Structures are given as structure tokens and as C-alpha cells.
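Accompanying notes for the structure given below.
A quick note: this is a predicted structure, and the numbers were derived from the prediction, not measured. Heavy-atom basis, side chains included; hydrogens, waters and symmetry copies ignored.
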Number of protein chains: 2
Amino acid sequence: MERPRIRDYFQQDLSQNETITPKQRAILQASLDLFAEKGFDQTSTSDIAQRAGVAEGTVYRRYKTKAALRDAILAPITAHIVPILASDFSEDKLRQRYPSLQAFVTAIFTDRVAFAKANVKELKVIFEMAAFDTERREQILSQIAPKMVKQMGSVINQLKADHLIVDWPNDLILQSLLSQLFGYLAQLMLELPGTEIEREQAYLITVMTKILTPGEHDQITGQ
Amino acid sequence: MERPRIRDYFQQDLSQNETITPKQRAILQASLDLFAEKGFDQTSTSDIAQRAGVAEGTVYRRYKTKAALRDAILAPITAHIVPILASDFSEDKLRQRYPSLQAFVTAIFTDRVAFAKANVKELKVIFEMAAFDTERREQILSQIAPKMVKQMGSVINQLKADHLIVDWPNDLILQSLLSQLFGYLAQLMLELPGTEIEREQAYLITVMTKILTPGEHDQITGQ
DNA sequence: AAAATAAGTGAGTGATAACTCATTTTAATG
DNA sequence: CATTAAAATGAGTTATCACTCACTTATTTT
């Protein structure tokens, strides 16, 4: 547990950056809040100015365009997302064999779930952007997906050799795990009711572990 | 398999509606395509007119506003989504005990997956709307969620009594299944690479069945 | 404290996009 | 074919919004 605590990297950058003025800070915060609440296109720069308690001209002082403002908000998270994805796979952790599925899933997903939870607003803005901007989406995916597939792949193969994990194609394993993560994220982003977040997080690990546990019903049907 | 085939209800309504003119048909089709491609806000009415090959005034002939146009597109799917969700739970099917999990999952999700697959564009437009329109989202959820929880709940309870299903709280069971469905949907909506759709559909049933199969690792950890 | 630099302001501007309407074109009817 | 009704048109109107800029206020430097 001596791993660095996951935080909201947007907040972190805001508080660490000494050069930024309080008003600029307020503008970034208001933008993030409004983009997550109403969507990027539905948020006007005058909305942002009003929420931040500044004049509209101030919004344009540091960031030349509205899009640049959004990108500035997403910069900290995109800068930190790659290390987060890569962590646990590097050097030591990769060589060490996981004694159980539970250990594997916990090690792999605890950080990522915490990261997602700490950056719900930012992720919502990213998803909105990715949903309708094919180019950006493919750019983001091409940076992350191959790395993830490769690194997770070698761990999964090792678990397969030890007969600790279900014998499915790696892409199916990854997909089913990511679906769970994605469903959890959707719950957070959409503020779906009936969710005791802390409880759900433990559930997530349990469900993932169960998916991966080898059993009798593991044939792929219908093909 | 004598169950009615799932179709794109938007297409269905378009082709069935005899009163609609070809140009109006083209407008609806162009709107759906563009909303799904670029997003609602990023699509202008002149975009729609151009894609449909009509004058911009024609777009406003039948639908007074752009939002009304979107709602007209979503009307058929929302009108049909409730019956789809409710099907398989009504009368006979509910009384009949499922002999196996596989049978249960197949019966429950085959139609829904097919429905989702046939209405990807419409669902994408719905999700965009729901993501940032809290009121609409809650309205939609309040219509669907309780019905689903109640009907699925009784089936799940019966399976539990027969010891055919994992002994988790019903909401967790539902949530993990819906996450899988949601992840599959996201794959379709975002056109993620490496997806052989037909194969994936069979995978989905398999993964869901595996999640539900009772086993030794079914404790909820972490409280 | 004067000068210089940076931050902030808000009225103003141009462009865009939703929506209207007087007119024209097409289709239906007798 | 003439008349009437419905459908379609596209130039025009209005409102909004991203963005600018001449100016004011605050902060730093000398």
C-alpha cells in the first residue's frame, strides 16, 4: 500500500501551479464543472465567465479559444493516464507471479478504479469529445490500446500457464473486464441512483475475479 | 425462434408510414445519420438539408424545431423499447422455470442485444441526450428501471431458489450484466477496432452466463 | 512613488445557425 | 385542362455566441 495515492490530477495541477492567478483557476474549475454538467457545446463562454465570477474577456486572456480551454483542462489527465495504465506492469510487478486471481485483479484494477472515480468529470468531458470526434478517438486509442493489450497480455498468459485464469482469448478477457469498469464509470458519470459507491467498488473486484475464475462453463458458445 | 425478429424501428416506421413524403423521409434519415456522426449540437439544420438534398425551409415544414426533429427520430425507438424490455417476463415465460443459466441468459438477452445492435445510431443519440439532460435522463430511467428491477428480480429469485444462480444481491447481478451489455454497446457505438461483431455477440452470452454461475469465489470482499 | 508590466474588463463585432415567410413548384381533384 | 391544395423553396430575419480590443485596475520593478 506504499503506492502513491490516486488523486484528481486536475485539482492537483491547479493547486500545485503557483503561476496561475486565482481568477484563472476559477475559470478552469468553472469550465470543467459546466462541461461535465451541460456538455461542451451547450456551455457558452459567458456561462463560464459568470460561474467563475469574471468578465468574459478574462476567459480569453490565457486560452485563445474555447477548445484550447477544454484541452488545457484535459492536459493533466492525459499526461497522467499513461503512467497509471502502465503501472503494475513495469519491471518488478511483471516478473512476480500473482498467487491468485483475486491478487491479480486487485493489483491491476484498484488504482484504475480509484483513478476513474477521482476524475469522473474529466472522463465525462473526454468521452463526449471522443464520441463524436473520430480522429481524436483513434488518436487516443492508438496511444493506449496497444500498450494495454501487450502488457496485460503477458500477465494473462502467465496466469494461463499457471491455470489460474479462464482459457479465453485475451481480447475477450480484456473486453469483459473493461466492460465492468466501463459500466461502473457510466454509473458514476450518469449519477445513476441506488449506488453506494464504496460498496460498488468492492463488488467490481469480486465480479471481475469471478469472470476470470476457471470453471466448467467456459466454452465459447454459438460459433 | 418463432419470436418476432428485431428490426431497426426507425427504419420500420419510416417504411411503414405511407403519409410521409420522400423528402421528409430523407430529412429524418439524414438527421439520424448526422446526429450519430457529429452529435446534435454540431449538426446544423443546413447540414441536414444538404445531406437530404432539400432546401432548409423543408426541414421546418413538418417539425417546428430542431429538437422536435430529434424527438421525432427517437419516438419510434422509445415507443418500442419498453415492450422489448418487458418481453420474456410476461405471463408464461415468468411462470416457466429456466432449466439452466444458459437458457435464462439466452432468453433474456438475445433480443436485447439484437435490439441494441439494430439501433446503434438511435441509442447513440439517446445517450448523448441523456448524458447532459438530467431531467430527461431521470424521466427515462423512472419509466424503465423499476419495471426491469421488479421483473428480473422475480426471475432471479426463482433461479436462486433452485440454486442455479450466484447468491449475490439482485442489484449487483443486474449491474454486472448490464455492464457487459453496456460495454458491448460502447464497442458498437464507438466503432472500436478489433471487433468481429457476430463473434462478440456469442461471447457476451458466455460471459454473462459465467458471471452468474454459482461457485466458490462468490463472497463479496471488502464489505 | 513613479514607471513599467501584467491582469482584468465589458462593450462591441462578425459569423453562424435556428427559424420565418412570401413565392414557386408539384400533386391532386373535378 | 383548369382549379385548388399541399409541398417545397431560399432569401431574409433575429438571436446567440465566440472572440477582439481599447481601456482600466492591480502588481511588480526600479
Response to the item:
Assign each of B/Thr58 and A/Thr43 the nucleotide of DNA chain D bearing its closest heavy atom; nearer the 5' end lies the nucleotide of B/Thr58
Worksheet item: Taking the side chain of B/Tyr60 as heavy atoms from C-beta outward, which of C/dT20, D/dA7, D/dT9 is closest to it?
Response: C/dT20
Worksheet item: Could you state the NZ-P distance from B/Lys64 to C/dC19, rounded to the nearest angstrom?
Response: 12 Å
Worksheet item: For A/Ser44 and B/Glu56, take the nucleotide of DNA chain D holding the closest heavy atom to each; which residue's nucleotide lies nearer the 5' end?
Response: B/Glu56
Fill in: Phosphate-side-chain proximity, B/Thr45 and C/dA18, N/O vs OP1/OP2 below 4.0 Å
yes
Fill in: Value in whole Å for how far the C1' atom of D/dA26 lies from CZ of A/Arg61
12 Å
Item to complete: Let me know the distance between CZ of B/Arg62 and P of D/dT9, rounded to the nearest Å.
Response: 14 Å
Discussion item. side-chain contact (heavy atoms from CB on, under 4.5 Å) for A/Leu28 and A/Tyr63? Distances and angles first, verdict last.
Written reply: CA-CA 10 Å; A/Leu28 288 172; A/Tyr63 307 104; 3.9 Å; yes
Worksheet item: Could you give the CG-to-P distance, from B/Asp41 to D/dT16, as a whole number of Å?
Response: 16 Å
Discussion item. Do the side chains of A/Lys38 and B/Asp133 get close enough for a salt bridge, i.e. N-O under 4.0 angstrom?
Written reply: no
Item to complete: Please work out if A/Val59 contacts a base, only the sugar-phosphate, or nothing of the nucleic acid, heavy-atom cut-off 4.0 Å.
Response: nothing
Practice prompt. Send over the distance from A/Ile20 CD1 to C/dG8 C1', rounded to a whole Å.
Written response: 15 Å
Discussion item. Expressed as a whole number of angstroms, how long is the span from A/Arg70:CZ to D/dC19:P?
Written reply: 11 Å
Worksheet entry | B/Phe35 six-ring face occupied by B/Arg70 cation (under 6.0 Å, within 45°) | no
Item to complete: Answer yes or no: is there a side-chain heavy-atom contact under 4.5 Å between A/Leu181 and A/Phe109?
Response: yes
Practice prompt. List the atom of A/Phe132, the atom of A/Arg137, and the distance in Å for their closest heavy-atom pair.
Written response: N-NH1, 4.4 Å
Item to complete: Take atom CD of B/Gln24 and atom C1' of C/dT26, then tell me their distance rounded to the nearest Å.
Response: 14 Å
Worksheet item: Distance check: side-chain N/O of B/Gln42 vs OP1/OP2 of C/dA17, anything under 4.0 Å?
Response: no
Worksheet item: Does a nitrogen or oxygen in the side chain of B/Thr21 sit under 4.0 Å from OP1 or OP2 of D/dA7?
Response: no
Discussion item. Please determine whether a side-chain nitrogen or oxygen atom of A/Lys23 lies at a distance below 4.0 Å from atom OP1 or OP2 of C/dT9.
Written reply: yes
Worksheet item: Does a side-chain N or O from A/Lys66 land closer than 4.0 Å to OP1 or OP2 of D/dA18, or not?
Response: yes
Worksheet item: Starting at CG of A/Leu69 and ending at P of D/dC17, how long is that distance when rounded to a whole Å?
Response: 16 Å
